[in-house]
2 protein chains.
Amino acid sequence: MRKPANAVASASEPLAERCVVEAMRLIAERGVEELSLREVARRLGVSHQAPYKHFPSREHLLAEVVARSFEHFAEFLEARERHGDPHADLGELGLAYVAYASEHPLEYRLMFGTTIPRASAHPTMLHRAQAAFSHLARGIAATRRVRETDEGVRMDALFVWATLHGFVGIERSEITEGLAFTAKQRREALAHVLANIGVVLDAHGGAATRTR
Amino acid sequence: MRKPANAVASASEPLAERCVVEAMRLIAERGVEELSLREVARRLGVSHQAPYKHFPSREHLLAEVVARSFEHFAEFLEARERHGDPHADLGELGLAYVAYASEHPLEYRLMFGTTIPRASAHPTMLHRAQAAFSHLARGIAATRRVRETDEGVRMDALFVWATLHGFVGIERSEITEGLAFTAKQRREALAHVLANIGVVLDAHGGAATRTR
DNA sequence: AACTTAAAGATGACACTGTCAACCAGCCAT
DNA sequence: ATGGCTGGTTGACAGTGTCATCTTTAAGTT
């Protein structure tokens with residue numbers, strides 16, 4: 001139904017796919033602001049108008065790239081944990097979240113930092129985000145004796161997500177660099193934030209994640 | 001030393017000031033992506049190159065606008081609280097933070113959502129951000145018997161900031177709309193997040209903020 | 001087999017952008 | 001008076017997204 005994620009953009013691939021791959025590469029090289037349909041076409045050795053046969057506008061191509069990033073993100077989260085113990089799994093999930101943001105800053109910034117594509121216009125993107133959220137809610141619910149749809153679980157999931165998201169967002173925005181935090185302190189900050197999350201989950205549910 | 005913040009951009013103002021004001025207006029109207037130095041110049045009835053005498057590039061003008069937003073933000077936070085009780089003040093600070101993001105979404109998004117201007121290149125912007133941060137740290141320190149520069153206070157300030165920032169970021173990004181949260185639940189979510197912050201601060205310092 | 005049709009791609013044009021270069025009016029200090 | 005600096009103008013250039021208009025090529029239909 002879909003091409004495998006590790007497919008290489010060879011000349012035999014359909015142009016739409018090659019456009020997406022090349023766009024991601026271009027963003028990785030020069031940043032999302034520098035993404036240009038013409039440059040994509042140029043690198044693909046194709047006329048500057050060819051991509052328009054597959055994407056109505058630059059924004060639509062960007063939205064497709066963002067959707068891919070969400071997919072990649074979900075796969076990344078899925079690939080971790082599985083320790084058997086729900087509490088440890090939840091801790092691993094938090095670490096994986098931050099690790100992804102740290103290892104793939106471009107894609108993370110694409111997903112949460114890009115204001116260009118209005119989410120409501122691209123439903124598949126929302127669907128992917130929803131999947132990631134219920135992943136988290138499931139992890140929290142597993143540490144208690146309640147369902148994933150439990151009100152408290154959903155509230156706490158929102159809290160955890162907000163905290164992690166906010167942390168990487170602030171760290172990414174280079175503002176902390178102007179705040180006289182050393183590199184060591186920033187690493188400690190992550191541990192501190194995760195520990196605080198543990199405190200909250202501990203207070204609301206069963207014993208929470210251990211920190212390190 | 002500085003023009004009053006509510007100054008109107010009349011023709012008698014220096015051009016640099018008028019550029020900033022008009023840029024903010026333009027961003028409010030059409031979004032940050034549509035900001036164009038030429039359009040600013042056009043609306044000011046001045047040549048398209050005139051703004052370049054005051055701002056080396058488009059990015060520098062944007063950085064100045066962001067710096068103003070930080071200033072506005074700090075003033076907004078400063079205008080609240082003052083109840084006498086440090087704990088209540090801290091709670092008010094949290095509410096004010098979220099209120100600002102809700103009432104001035106454009107400026108908030110400018111401050112934290114704009115990836116365009118690399119922060120390190122614009123020191124005044126960083127300085128303003130630092131001021132906002134120490135405001136928060138001061139609020140937390142006031143509830144304990146330690147200084148604003150205390151390590152634990154700074155870590156907790158970072159945590160609080162991250163949580164609030166992440167919350168408004170997620171709420172703003174329309175992702176929650178795809179998550180089947182009702183409007184009432186989202187209001188409750190704010191209270192829940194603030195309460196969780198209170199739990200953490202409570203665990204680390206003196207008795208923390210009350211919720212509602 | 002001949003003809004129709006629609007898609008995929010190529011060319012060219014237009015309005016718009018940021019930015020570089022050169023030029024010009026004052027003004028202030030020497 | 002004159003030379004330089006500051007703030008302003010005009011003109012040009014390379015890029016960009018996007019619209020309109022071909023050309024080719026492949027798939028169907030009769």
Side-chain angles (χ1 to χ4, degrees), chain A residues 3 7 9-66 110 114-118 121-122, chain B residues 2-3 7 9-67 110 114-119 121-122 125:
Chain A
K3 290 279 148 131
S10 70
S12 62
E13 290 282 329
L15 183 59
E17 184 63 25
R18 283 190 289 158
C19 283
V20 174
V21 172
E22 196 61 42
M24 295 183 79
R25 193 174 306 168
L26 194 53
I27 290 173
E29 279 180 25
R30 307 198 205 169
V32 60
E33 307 298 330
E34 299 289 341
L35 172 63
S36 129
L37 280 193
R38 286 179 111 107
E39 180 67 18
V40 167
R42 206 173 296 130
R43 291 189 178 204
L44 259 40
V46 89
S47 92
H48 71 262
Q49 200 61 246
Y52 276 85
K53 295 293 169 177
H54 303 272
F55 303 95
S57 86
R58 172 186 189 252
E59 196 166 303
H60 283 76
L61 174 56
L62 234 183
E64 178 59 31
V65 171
V66 172
L110 235 52
T114 309
T115 72
I116 308 157
R118 289 174 304 278
H122 306 279
Chain B
R2 283 273 261 100
K3 289 281 149 128
S10 70
S12 63
E13 289 283 330
L15 183 57
E17 184 62 26
R18 284 190 288 159
C19 282
V20 174
V21 172
E22 196 61 43
M24 294 183 79
R25 194 173 305 166
L26 194 53
I27 290 173
E29 279 181 23
R30 307 198 205 168
V32 60
E33 307 298 330
E34 299 289 342
L35 173 63
S36 129
L37 281 193
R38 287 179 111 105
E39 179 68 20
V40 167
R42 206 173 296 130
R43 291 189 179 204
L44 259 38
V46 90
S47 91
H48 71 263
Q49 201 60 244
Y52 275 85
K53 295 293 168 174
H54 304 271
F55 303 95
S57 85
R58 179 205 134 121
E59 196 168 296
H60 283 76
L61 174 56
L62 233 184
E64 177 59 30
V65 171
V66 173
L110 267 176
T114 308
T115 73
I116 307 158
R118 289 175 304 280
H122 306 281
M125 218 178 68

Nucleotide of [options] approaching [X] most closely (side-chain heavy atoms):
X       : options                : answer
A/Leu15 : D/dG8, C/dG9, C/dT17   : C/dG9
B/Tyr52 : C/dT19, D/dT18, C/dA8  : C/dT19
B/Arg58 : C/dT19, D/dG17, C/dA10 : C/dT19

Between [atom2] of [N] and [atom1] of [X], the distance in whole Å:
X       : N      : atom1 : atom2 : answer
B/His60 : C/dG18 : NE2   : C1'   : 14 Å
A/Lys53 : D/dT25 : NZ    : P     : 16 Å
A/Leu35 : D/dG15 : CG    : P     : 17 Å
A/Glu33 : D/dG17 : CD    : C1'   : 15 Å
B/Arg30 : C/dC16 : CZ    : C1'   : 12 Å
A/Glu34 : D/dG17 : CD    : P     : 11 Å

As an exercise, state the distance from [atom1] of [X] to [atom2] of [Y], rounded to the nearest 0.5 Å.
X       : Y       : atom1 : atom2 : value
B/Ser47 : B/Arg38 : OG    : CZ    : 9.5 Å
B/Leu15 : B/His54 : CG    : NE2   : 4.0 Å
B/Glu39 : B/Leu26 : CD    : CG    : 5.5 Å
B/Glu59 : B/Leu61 : CD    : CG    : 11.0 Å

5'-most by nearest nucleotide on DNA chain C - A/Arg38 or A/His54 =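 Whichever sits nearer the 5' end wins; that is A/His54.
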
ask   = Of A/Gln49 and A/Glu39, whose nearest nucleotide on DNA chain D comes first from the 5' end?
value = A/Glu39

Option among A/Arg18, A/Arg25, A/Glu22 that satisfies the side chain to side chain contact (heavy atoms under 4.5 Å, CB included) test with A/Val40 =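 Going through A/Arg18, A/Arg25, A/Glu22 one by one, the side chain to side chain contact (heavy atoms under 4.5 Å, CB included) with A/Val40 is satisfied by A/Glu22 alone.
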
task = Just call it for A/Ser36: base, sugar-phosphate, or nothing, with non-hydrogen atoms closer than 4.0 Å on any strand.
result = sugar-phosphate

ask   = Base, sugar-phosphate alone, or nothing: which one does A/His48 contact when heavy atoms must sit under 4.0 Å apart?
value = base

query = For C/dA10, does either OP1 or OP2 sit under 4.0 Å from a side-chain N or O belonging to A/Arg42?
reply =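 No, no such contact exists.
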
